[in-house]
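Structure first, commentary second.
Model, not experiment: these values are computed from the prediction.
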There are 2 protein chains.
Amino acid sequence: MDDGKPPPEAPKRSRIQKRNRKRILDAALNVFSQHGYRGATLDQIATEAGLSKPNILYYFDGKAAIHVDLLNTLMAEWLAPLQEMDPEGEPLDELMRYISRKLAMSHAYPRESRLFANEIIQGAPRMGPHLASGLKTLFDEKCALIASWVQRGKLAPVDPGHLIFSIWAVTQHYADFEAQVEVLMPRKAETRAGAEAHVEALFRKLLTPPGYSVRTP
Amino acid sequence: MDDGKPPPEAPKRSRIQKRNRKRILDAALNVFSQHGYRGATLDQIATEAGLSKPNILYYFDGKAAIHVDLLNTLMAEWLAPLQEMDPEGEPLDELMRYISRKLAMSHAYPRESRLFANEIIQGAPRMGPHLASGLKTLFDEKCALIASWVQRGKLAPVDPGHLIFSIWAVTQHYADFEAQVEVLMPRKAETRAGAEAHVEALFRKLLTPPGYSVRTP
DNA sequence: TCGTGCCTTTACCAATTGGTAAAAAACATG
DNA sequence: CATGTTTTTTACCAATTGGTAAAGGCACGA
């Protein structure tokens with residue numbers, strides 16, 4: 001695959017460039033995550049960034065380039081928790097820790113979650129290759145790892161792929177459907193703690209292998 | 001609330017009107033569900049419907065009206081399974097049946113699911129009232145029902161609100177993130193059966209109360 | 001045959017879209 | 001302060017946007 005951005009080569013950006021690029025990306029994250037690619041406008045991004053439209057096009061090669069930049073950055077950070085699931089660790093602990101980190105990320109970075117959701121809902125037109133290469137590899141690798149854990153009896157029998165899907169679904173739901181959650185469950189502080197407990201219980205019950213240290217003998 | 005459309009009064013639409021309105025709504029469902037409200041264009045809807053743009057505006061009072069019509073229709077059908085969860089039935093059966101129906105709907109109506117997802121992700125700007133009134137009432141009612149089931153020991157202790165959220169999240173995920181699922185799990189026929197089994201196991205394990213007819217004594 | 005009411009098209013609009021050219025301003029550095 | 005470079009603004013542009021006005025078509029009963 002081609003890298004749109006050069007991490008090994010020197011980006012050598014001036015102070016001003018770094019500051020303004022960050023402003024633009026932050027504004028674009030707001031706008032893209034709320035309206036999707038086509039629904040977002042450069043004028044809106046410019047206004048939100050406090051810059052003029054031509055000035056934005058001085059820093060980025062067009063609307064698409066901003067979107068791609070956001071998506072690239074996002075993917076790397078987004079997949080880190082899954083990547084760090086340790087084959088050497090205790091299987092149930094590793095999975096529960098992954099779930100917990102994923103849920104925490106949804107709470108901390110709801111805009112990123114919605115940006116990603118928007119792109120996927122629209123059929124991933126600007127991210128298809130990204131998915132098929134990087135994500136697919138990681139997904140398959142971790143599926144195999146989970147399958148081996150199941151085989152060794154360290155986890156209850158479970159379909160690894162669908163397990164990962166349901167983890168993503170449940171955790172990201174709190175970010176992507178925030179508007180709905182807030183209407184239906186207005187007390188915010190409680191919601192977060194409740195979500196954590198619920199998600200923890202949901203997956204612990206699913207994954208705990210039979211006869212694994214029953215709490216009520 | 002005000003009704004945009006008159007269900008009690010006679011809609012009295014001609015053959016042609018019924019046919020063309022259906023065409024327009026179907027085309028609009030495609031476009032809105034893929035691009036969100038702002039990303040959708042009347043020209044695109046018109047082309048997909050096989051009609052001219054002014055002709056579309058002969059049947060609907062503008063882009064917003066089409067969107068609202070779709071959303072109204074959607075909400076009614078979308079909530080039916082939850083509505084039909086029977087207070088008199090066997091709790092675990094009722095919930096598992098609801099989950100199964102919800103998953104089936106996501107498979108059968110992915111466009112509707114994505115239309116709804118798009119609207120919520122964007123902060124539900126054209127559906128806030130709808131959520132706060134109709135949905136909230138139903139949600140609270142069913143939460144109370146589930147809570148009473150838990151109280152009677154018919155279900156394992158669970159937060160009803162978060163339970164419903166996780167049911168929505170997991171089931172809708174297969175529709176909303178279809179593009180991702182298809183990349184990561186290419187064999188389609190198996191995916192559907194696997195999803196059903198996984199979701200069933202996930203929630204059955206969560207909800208089955210302690211000592212409820214253990215399969216492996 | 002002629003209306004008449006429903007449907008469709010043609011020809012427009014003003015506003016907004018992503019994007020450009022080039023001048024002007026700000027900045028850095030000798 | 002003079003000079004070259006980086007950044008920002010001004011003034012545009014063609015294409016697309018949602019929407020309108022008005023003229024045509026079309027079926028159908030009197």
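- Remark: P of C:dC7 and CZ of B:Phe60 are 13 Å apart, rounded to the nearest angstrom.
- Every residue meeting the salt bridge (charged side-chain N to carboxylate O under 4.0 Å, His left out) condition with A:Arg126, not counting sequence neighbours, appears here in chain and number order: A:Glu119.
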Got a list of side-chain donor-acceptor pairs under 3.5 Å for residues 75-88 of chain B, not counting sequence neighbours?
| from | atom 1 | to | atom 2 | distance (Å) |
| --- | --- | --- | --- | --- |
| B:Glu84 | OE1 | B:Arg101 | NH1 | 2.6 |
| B:Glu84 | OE1 | B:Arg101 | NH2 | 3.4 |
| B:Asp86 | OD1 | B:Glu88 | N | 2.9 |

Within the sub-3.5 Å range, which N or O atoms of nucleotides 6-10 of chain D have a protein N or O partner, and how far apart are they?
| from | atom 1 | to | atom 2 | distance (Å) |
| --- | --- | --- | --- | --- |
| D:dT7 | OP1 | A:Ser14 | OG | 2.7 |
| D:dT7 | OP2 | A:Gln17 | NE2 | 3.1 |
| D:dT7 | OP2 | A:Tyr58 | OH | 2.9 |
| D:dT8 | OP1 | A:Asn20 | ND2 | 3.3 |
| D:dT8 | OP2 | A:Asn20 | ND2 | 3.0 |
| D:dT8 | OP2 | A:Asn55 | OD1 | 3.3 |
| D:dT8 | OP2 | A:Asn55 | ND2 | 3.3 |
| D:dT8 | OP2 | A:Tyr59 | OH | 2.6 |
| D:dT8 | O5' | A:Asn55 | ND2 | 3.3 |

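- Following rounding to the nearest Å, B:Arg21 (CZ) and C:dC6 (P) show an atom-to-atom distance of 16 Å.
- Not counting sequence neighbours, the partners of A:Lys53 by the salt bridge (charged side-chain N to carboxylate O under 4.0 Å, His left out) test are A:Asp43.
- At whole-Å resolution of the value, CD1 in B:Ile45 and P in D:dT17 are 11 Å apart.
- Of the N and O atoms on the side chains of A:Ser166 and B:His198, at least one donor lies less than 3.5 Å from an acceptor on the other residue.
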*Decide yes or no on side chain to side chain contact (heavy atoms under 4.5 Å, CB included) for B:His162 and A:Leu202, but give the supporting numbers first.*
CA-CA 10 Å; B:His162 289 288; A:Leu202 177 65; over 6 Å; no
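- Between A:Asp43 atom CG and C:dT16 atom C1' there is a gap of 8 Å when expressed in whole angstrom units.
- Heavy atoms of B:Ala46 sit nowhere under 4.0 angstrom from any nucleic acid atom.
- The distance from atom CG of B:Leu57 to atom C1' of C:dT9 is 13 Å, rounded to the nearest whole Å.
- Across the protein-nucleic acid pair, A:Asp61 atom CG and C:dT20 atom C1' stand 13 Å apart, rounded to whole Å.
- In this structure, B:His35 places its NE2 atom 15 Å from C1' of D:dT16, rounding to the nearest Å.
- Atom pair B:Lys63:NZ and D:dG19:P shows a separation of 8 Å (rounding to whole Å applied).
- Defined by atom type and a distance below 3.5 Å, a donor-acceptor pair is present between the side-chain atoms of A:His130 and A:Asn72.
- For the atom pair B:Tyr98 OH and B:Leu103 CG, the distance stands at 11.5 Å (nearest 0.5 Å).
- Residues from residues 115-123 of chain B that place a heavy atom under 4.0 Å from any atom of DNA chain D: there are none.
- Residue B:Ala40 is classed as a sugar-phosphate contact, given heavy-atom separations below 4.0 Å to backbone atoms only.
- Residues satisfying the salt bridge (charged side-chain N to carboxylate O under 4.0 Å, His left out) criterion with B:Glu178, sequence neighbours excluded, are B:Arg114.
- Atoms CG and CE, from B:Leu71 and B:Met127 in turn, are 5.0 Å apart once rounded to the nearest 0.5 Å.
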